[in-house]
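Structure first, commentary second.
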Amino acid sequence: MKTPKAIFYLVLLIMTSCAQTKEEQIVVYSYVEEPHSYAKPNNAFIKHLKLDITVDFETEIISGKATYDIENNNSTQIILDSKYLEIESVTANGKETDFSLGVNDKQLGQPLTITIEKNTKQIEITYKTTKDTEALQWLKPQQTADKTNPFLFTQGQAILTRTWIPIQDSPQIRISYEANVQVPKGLMAVMSAENPKEKNESGLYHFQMEQAIPAYLIALAVGDFEYKAISERTGVYAEKSMLNKVQEEFSDMEKMVSAAEDLYGPYAWEQFDVIVLPPSFPFGGMENPRLTFATPTVIAGDKSLTSLVAHELAHSWSGNLVTNATWNDFWLNEGFTVYFEMRIMEALYGKERADMLALMSRQDLDDELENLKETPNDTKLKLDLKGKNPDDGMNSIAYDKGYLFLRTLEEAVGREKFDAFLKQYFKEHAFSSMTTEKFVTYLNTNLLEKNKVTFNTEEWINQPGVPKNQAVISSDKFKNVELTLQDFILTGKIDKETTKDWTSQEWVHFIRNFPKTMTADQMKDLDTALNLTNSTNSYIQMVWYEQALNHDYHGKNIDSKIEDFLISVGRRWYVETIFKAFKRNNRMEEALKIYEKSRPNYHSVTAKTIDDLLGFEPTKEVE
Ligand code: BES
Ligand code: ZN
């Protein structure tokens with residue numbers, strides 16, 4: 001290593017180990033090789049972004065300027081990631097400078113290489129998004145709840161931010177940001193930043209995000225929505241027709257934040273709000289800092305699906321504070337978050353509810369292991385996503401095997417020690433990124449060796465499948481559900497007394513565990529007794545529809561219900577589960593017919609997954 005570089009690393013090392021104030025956070029830095037960004041941050045990296053952009057619903061284009069404060073380690077160029085963007089001009093320290101866009105890779109997009117000088121402190125890029133953008137979904141009024149105004153939202157994770165902002169799109173590179181966003185009058189804009197609580201006349205909104213975050217957490221939503229507080233630091237944004245319902249559904253948010261703080265230390269982001277988006281939002285939730293983005297499918301009317309909020313909140317520690325260094329370390333984000341989610345749910349609603357959720361995760365894990373039995377390497381916690389789109393390689397192993405690993409560890413050392421360890425882990429690594437290897441070292445030193453516990457960490461992380469020493473997960477409630485199901489299979493009768501207080505988790509468990517031999521007639525009997533086809537709980541709908549497809553059930557007009565669901569809901573997990581069931585049961589022709597109608601409603605993330613699943617080739621729009 002040459003001397004200047006060695007000094008550079010030394011300085012970084014010192015910075016990393018110092019206690020951090022807000023100003024210092026952004027310089028913290030120790031970069032590992034990673035396959036999903038063109039940036040070479042060892043040479044030059046961005047540390048602050050200022051956006052001045054206009055959101056135009058007519059042309060469906062975002063355009064404007066992005067100005068970056070940079071740190072230059074004696075380099076003559078800085079490389080950013082750019083995908084499907086039109087770069088108009090670039091300046092360095094205020095003077096026009098050369099730039100070039102490299103070859104377009106289907107997954108990664110293009111490296112945007114900008115000429116800089118040793119003393120370049122600031123660069124500015126004038127740019128536009130294009131029709132091909134993958135992060136943005138532009139919605140027509142009919143695709144919203146209120147049906148009167150258009151809507152726009154972004155989805156950055158994993159590598160989509162580069163399709164709406166030229167950026168160093170690596171989870172290791174953290175920046176603070178500010179933004180001026182001009183939207184049409186009458187609409188409101190919110191970001192993963194300090195947010196307005198009311199609309200303003202001009203449609204010009206200013207945002208500030210002081211805490212340094214990776215690019216995948218920069219987010220924007222524009223539409224006609226309103227804010228309602230739940231507590232001083234928590235609240236919800238939703239379209240008017242849903243606002244009260246949403247506030248009711250999420251009324252435990254403050255309790256969740258305090259329970260989380262009691263477990264693993266202070267909430268670092270000041271405000272915790274949730275915005276409920278139109279139904280095409282491709283995920284259940286997305287942990288954009290200060291403002292979680294959520295699907296309306298969790299508004300069940302009975303708070304039964306709010307573990308999603310606990311999950312996204314938990315990311316405020318695991319993910320947003322301590323961030324996976326590369327997408328290969330994704331389990332550090334999601335496994336920890338599922339573990340933390342369960343602990344928040346247990347703290348608020350008790351062990352019975354948490355046990356049910358844990359057993360659902362266990363069953364999801366078994367299903368995923370079965371799906372991946374031909375490619376066992378995909379069942380390792382530490383992934384190898386080089387050459388792959390991280391979005392395709394990220395399955396529920398990170399979530400459910402990650403959870404089981406941490407739960408097993410908890411049981412090995414005892415909850416008290418495990419909690420103290422996690423609290424310290426988040427504190428020591430706040431606002432920095434973590435590799436799997438670094439975590440293992442930290443775990444060995446601070447938990448296992450300290451307590452003289454031997455543990456097969458290597459096997460859990462680097463071997464396929466699930467080691468033998470897994471925690472045993474059980475739920476008394478689910479045992480009863482299984483008995484009720486067996487009883488129904490034997491007698492053909494369902495005792496309504498038993499099921500009358502069932503939560504949606506119990507219903508889902510009941511439906512998911514139908515035996516292979518279940519007949520369409522048996523499903524009809526159940527439907528007659530319980531009217532499951534007309535359930536308004538999205539999770540129950542999803543599993544019931546899946547079983548209707550598996551068992552060839554066509555009662556109560558269920559086929560058109562399934563079609564309506566697929567057309568109106570774009571949550572990828574739901575949509576994919578149902579289309580997979582069509583495929584598994586040789587009903588591809590119907591699936592493709594529905595998909596032609598539903599695809600225009602989907603965000604690119606969902607559309608891509610279903611294109612691949614059904615072998616659908618989108619016809620290129622004529623320009
Ligand atoms: N961060 C994820 C969503 C995500 C993962 C987006 C990978 C893009 C790439 C989010 O926190 C999440 O896990 N959402 C789940 C919620 C569930 C586990 C409660 C979802 O959307 O279903
Ligand atoms: Zn998550």
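First listed ligand is number 1; within each ligand, the first listed atom is number 1. The first residue of the sequence shown is numbered 1, and numbering continues consecutively from there.
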**Prompt:** Given atoms OE2 of E334 and NE2 of H315, what angle do they subtend at the Zn ion (ligand 2), to the nearest 10 degrees?
**Reply:**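 Between OE2 of E334 and NE2 of H315, at the Zn ion (ligand 2), the angle is about 80°.
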**Asked** Which pairs, with at least one residue in residues 573-582 and sequence neighbours excluded, count as a side chain to side chain donor-acceptor pair (under 3.5 Å)?
**Response**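 Of all non-adjacent pairs touching residues 573-582, those that pass side chain to side chain donor-acceptor pair (under 3.5 Å) are S538-Y574, R571-Y574.
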**Item:** Pairs where residues 340-372 contributes a residue and the test ring-ring contact (aromatic ring centres under 6.0 Å, His included) is met, not counting sequence neighbours
**Value:** Y264-F340, W317-F340
**Asked** Counting only heavy atoms not in E248, do more than 12 sit closer than 6.0 Å to its CD atom?
**Response** no
**Item:** Contacts of W502 that satisfy ring pair (Phe, Tyr, Trp, His ring centres under 6.0 Å) - sequence neighbours left out
**Value:**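 Listed in chain order: W507, F510.
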**Request:** Compute whether any side-chain donor of one residue and acceptor of the other, for S318 and T337, lie under 3.5 angstrom apart.
**Result:** yes
Could you tell me, for ligand 1, which of its N or O atoms are under 3.5 Å from any protein N or O, listing the pairs and their distances rounded to 0.1 Å?
from     : atom 1 : to   : atom 2 : distance (Å)
ligand 1 : 1 (N)  : Q157 : OE1    : 2.7
ligand 1 : 1 (N)  : E287 : OE1    : 2.6
ligand 1 : 1 (N)  : E287 : OE2    : 3.2
ligand 1 : 1 (N)  : E334 : OE2    : 3.1
ligand 1 : 11 (O) : E287 : OE1    : 3.0
ligand 1 : 11 (O) : H311 : NE2    : 3.3
ligand 1 : 11 (O) : E312 : OE1    : 2.7
ligand 1 : 11 (O) : E312 : OE2    : 3.2
ligand 1 : 11 (O) : H315 : NE2    : 2.9
ligand 1 : 13 (O) : H311 : NE2    : 3.1
ligand 1 : 13 (O) : E334 : OE1    : 3.3
ligand 1 : 13 (O) : Y399 : OH     : 2.7
ligand 1 : 14 (N) : G285 : O      : 3.3
ligand 1 : 14 (N) : E312 : OE2    : 3.4
ligand 1 : 21 (O) : G284 : N      : 2.6
ligand 1 : 21 (O) : G285 : N      : 3.4

**Message:** Ring centroids only, cut at 6.0 angstrom: are Y237 and F293 within range, meaning strictly under it?
**Reply:**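 Centroid separation for Y237 and F293: 6.0 Å or greater.
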